[in-house]
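The next block holds one structure in the form of structure tokens; read it before the comments.
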Number of protein chains: 2
Amino acid sequence: MKQKKPNQRVRDGERTVALLKRATMEQLISNGFAGLSVGPICERAGVSRGALFHHFQSKDHLVAASFEELLKDFAKQMHEIGRNLRRGAISIDEFVVRISDTMASDLFVGCMEISLGIRSEFGLSPLVEKAITDWRLSLFDFWNSTFDLPGFDAEDRATHWAMASNLLRGHAFSSSFGAGPQAKERLYRGFPKLILNCAVVRPEQENIVQLNNK
Amino acid sequence: MKQKKPNQRVRDGERTVALLKRATMEQLISNGFAGLSVGPICERAGVSRGALFHHFQSKDHLVAASFEELLKDFAKQMHEIGRNLRRGAISIDEFVVRISDTMASDLFVGCMEISLGIRSEFGLSPLVEKAITDWRLSLFDFWNSTFDLPGFDAEDRATHWAMASNLLRGHAFSSSFGAGPQAKERLYRGFPKLILNCAVVRPEQENIVQLNNK
DNA sequence: CTTTACATACCGACCGGTTGGTATGTATGA
DNA sequence: TCATACATACCAACCGGTCGGTATGTAAAG
């Protein structure tokens with residue numbers, strides 16, 4: 001009988017791992033890659049150092065695992081926004097506001113930190129490589145499944161998404177850098193004009209060819 | 001007798017300061033903000049710790065001073081490219097290649113590192129604030145003095161530059177992140193189409209209203 | 001032209017504190 | 001009894017920064 005009585009002592013590996021991953025991303029976002037030390041991470045998670053190194057063979061492995069989850073969350077949010085647009089739940093203007101705000105959120109700060117981090121932390125790089133590739137594909141997939149671009153061939157579509165994502169990335173960067181509130185308004189005006197004038201929202205029913213499953 | 005025998009000590013303050021600033025930016029670019037320690041910086045510069053702290057009251061002051069120079073170099077390069085376009089020394093296509101390559105260079109990696117760094121290093125932030133503001137103005141100035149945008153009012157122009165710079169920033173970021181070579185080609189195609197189709201290169205003779213002198 | 005005095009440039013040992021990682025011990029549950 | 005989950009104490013390496021002392025340049029005094 002697996003009666004689930006409330007434990008005093010928490011002895012739950014999965015929970016500890018989840019706490020550690022969440023604490024790692026919080027610490028990364030608030031203190032940067034340079035301030036990403038195991039001490040504060042453990043404190044945040046309410047877990048001892050021993051527990052950390054019991055579940056992860058090194059700090060890099062913890063960081064990589066946490067980052068992977070962050071990327072998944074990120075992609076999930078973008079897909080969700082696209083789905084809402086196709087469902088008609090939000091307008092195009094609202095769509096633009098939401099994707100740019102998502103891009104300019106803490107999630108993306110985390111991505112930037114890691115991206116710069118792996119330039120010098122050679123041990124971390126191979127651990128996150130695959131997650132980043134998957135993430136890129138997933139975002140391209142989001143764009144393709146949200147918009148149709150009549151008359152565009154494959155390379156045109158790739159260029160179109162490259163420009164759209166560059167715009168959002170650049171905005172995200174300057175925005176978490178300390179740009180004024182006008183920056184947002186300008187993106188809300190400029191993005192649809194430059195990027196979406198040739199795009200058509202795919203109808204909800206349309207079945208999309210998935211580029212990568214899962 | 002003041003014979004100039006081969007000295008152990010060089011004794012040239014300006015030279016030492018310049019060496020330290022250069023070494024700091026090199027170290028920042030190659031090892032990131034997290035790897036920006038005074039030890040390696042001194043080693044690179046061929047100078048002792050004592051000399052460093054003789055000329056700079058803290059590491060943050062050194063970093064700020066170095067960053068300031070990097071931003072000036074950066075802005076100077078952009079202005080130079082704009083001048084070459086107006087002189088007719090380079091084509092529009094060549095112009096696009098050069099500004100996007102400059103944006104995607106090590107100089108910008110340094111900017112990103114510092115930008116993220118000041119999010120958590122509160123001591124550094126006030127030391128670089130002014131330099132960043134000046135840099136922003138200088139780049140906007142570069143854009144305005146290079147292109148005329150017929151029919152655009154002040155806010156339109158600001159939005160236009162915001163989009164152009166966001167595109168370049170986003171490209172720079174993904175490019176130093178590990179994007180493939182197609183990313184460049186796509187920017188070379190997409191940037192003129194989206195951004196420059198409504199812009200006219202100002203003639204060389206035209207006198208430009210300077211937004212900020214120096 | 002010397003001698004003396006003093007400011008500046010520089011060196012490298014050293015300090016307290018923090019880092020990622022480990023070795024060891026203990027509570028828990030099957 | 002025995003593997004697992006976690007805590008604690010500890011380590012060597014490294015961190016930014018300080019300090020006493022030395023080399024060097026300059027300017028006034030003799």
Side-chain angles (χ1 to χ4, degrees), chain A residues 1-21 23-24 27-28 31-66 117-118 120-125 127, chain B residues 1-21 23-24 27-28 31-66 117-118 120-125 127:
Chain A
M1 172 90 52
K2 297 256 172 196
Q3 182 86 30
K4 194 76 180 182
K5 62 183 171 191
N7 284 341
Q8 304 281 53
R9 290 292 178 95
V10 184
R11 195 184 162 78
D12 183 344
E14 274 186 49
R15 199 187 89 107
T16 302
V17 166
L19 283 175
L20 279 169
K21 289 201 273 192
T24 302
Q27 180 69 14
L28 176 71
N31 285 59
F33 196 82
L36 195 59
S37 316
V38 290
I41 291 174
C42 291
E43 208 172 321
R44 241 180 228 268
V47 158
S48 71
R49 300 162 79 84
L52 192 161
F53 287 103
H54 172 73
H55 290 287
F56 297 95
Q57 62 179 281
S58 77
K59 188 186 112 175
D60 281 351
H61 284 79
L62 167 61
V63 171
S66 314
I118 60 177
S120 42
E121 294 273 316
F122 299 124
L124 185 56
S125 179
L127 300 178
Chain B
M1 184 176 294
K2 297 268 173 190
Q3 181 85 29
K4 196 76 180 180
K5 62 188 169 187
N7 284 341
Q8 304 281 55
R9 297 198 179 178
V10 181
R11 203 182 164 77
D12 181 344
E14 274 187 48
R15 198 186 88 106
T16 302
V17 167
L19 283 174
L20 280 169
K21 289 202 273 193
T24 301
Q27 181 70 14
L28 176 71
N31 285 61
F33 196 81
L36 195 58
S37 318
V38 290
I41 291 173
C42 291
E43 209 172 321
R44 241 180 228 269
V47 160
S48 72
R49 280 170 157 58
L52 192 160
F53 287 102
H54 172 73
H55 290 288
F56 297 94
Q57 61 178 281
S58 78
K59 187 185 111 176
D60 280 351
H61 284 78
L62 167 62
V63 172
S66 314
I118 60 178
S120 42
E121 295 274 315
F122 299 123
L124 185 56
S125 179
L127 300 178

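Nothing here was measured: the structure is a model prediction, and the numbers come from that model. Below, chains carry the letters A, B, ... as their sequence lines are ordered, and counting in each starts from 1.
Residues B:G46 and A:G50 each lie close to DNA chain C; by heavy-atom proximity, the contact nearer the 5' end of the strand is made by B:G46.
Taking atom CG on B:L52 and atom C1' on C:dG12, their separation rounds to 14 Å, with Å as the unit. Remark: P of C:dT18 and CD of A:E43 are 12 Å apart, rounded to the nearest angstrom. Distance, B:L62 CG to D:dG17 P: 10 Å, rounded to whole Å. Summarising the geometry, the separation between CZ on A:F53 and P on D:dT8 is reported as 16 Å, rounded to the nearest angstrom. We find that CD of B:Q27 is positioned 10 Å from P of D:dG16, with the value rounded to whole Å. Atom CD1 of A:I41 is separated from atom C1' of C:dG21 by 14 Å (rounded to the nearest Å). Distance B:K59 NZ to C:dT18 P: 15 Å, rounded to the nearest Å. To the nearest angstrom, C1' of C:dT8 lies 14 Å from CD of B:E14.
Remark: side-chain polar atoms of A:S58 are paired, donor with acceptor, to backbone N or O of A:D60 under 3.5 angstrom.
Of all nucleotides listed (C:dG21, C:dG12, D:dC6), C:dG21 comes nearest to the side chain of A:R49. Of the candidates C:dG20, D:dT8, C:dG12, the closest approach to any side-chain atom of B:S48 belongs to C:dG12.
The CG atom of B:N31 sits 6.5 Å away from the CZ atom of B:R44 when rounded to the nearest 0.5 Å. Taking CG from B:L127 and CG from B:L62, the interatomic distance works out to 11.0 Å, rounded to the nearest 0.5 Å.
Closest of all the heavy-atom pairs between B:L52 and B:L20 is CA-CD1, 3.8 Å. Between A:P40 and A:Q27, the shortest heavy-atom distance links the atoms CB-NE2, 3.5 Å.
Applying the 4.0 Å criterion to OP1 and OP2 of D:dC15, one finds that B:S37 has a side-chain N or O inside that range. In this structure, B:H54 does not reach the C:dC11 phosphate: none of its side-chain N or O atoms is under 4.0 Å from OP1 or OP2. At C:dC10, one or more side-chain N or O atoms of B:H55 fall inside 4.0 Å of OP1 or OP2 (strictly under the cut-off). OP1 or OP2 of C:dA9 has not a single side-chain nitrogen or oxygen of B:T16 nearer than 4.0 Å.
A:L36 comes within 4.0 angstrom of sugar-phosphate atoms only, judged by non-hydrogen atoms across all strands, and of no base.
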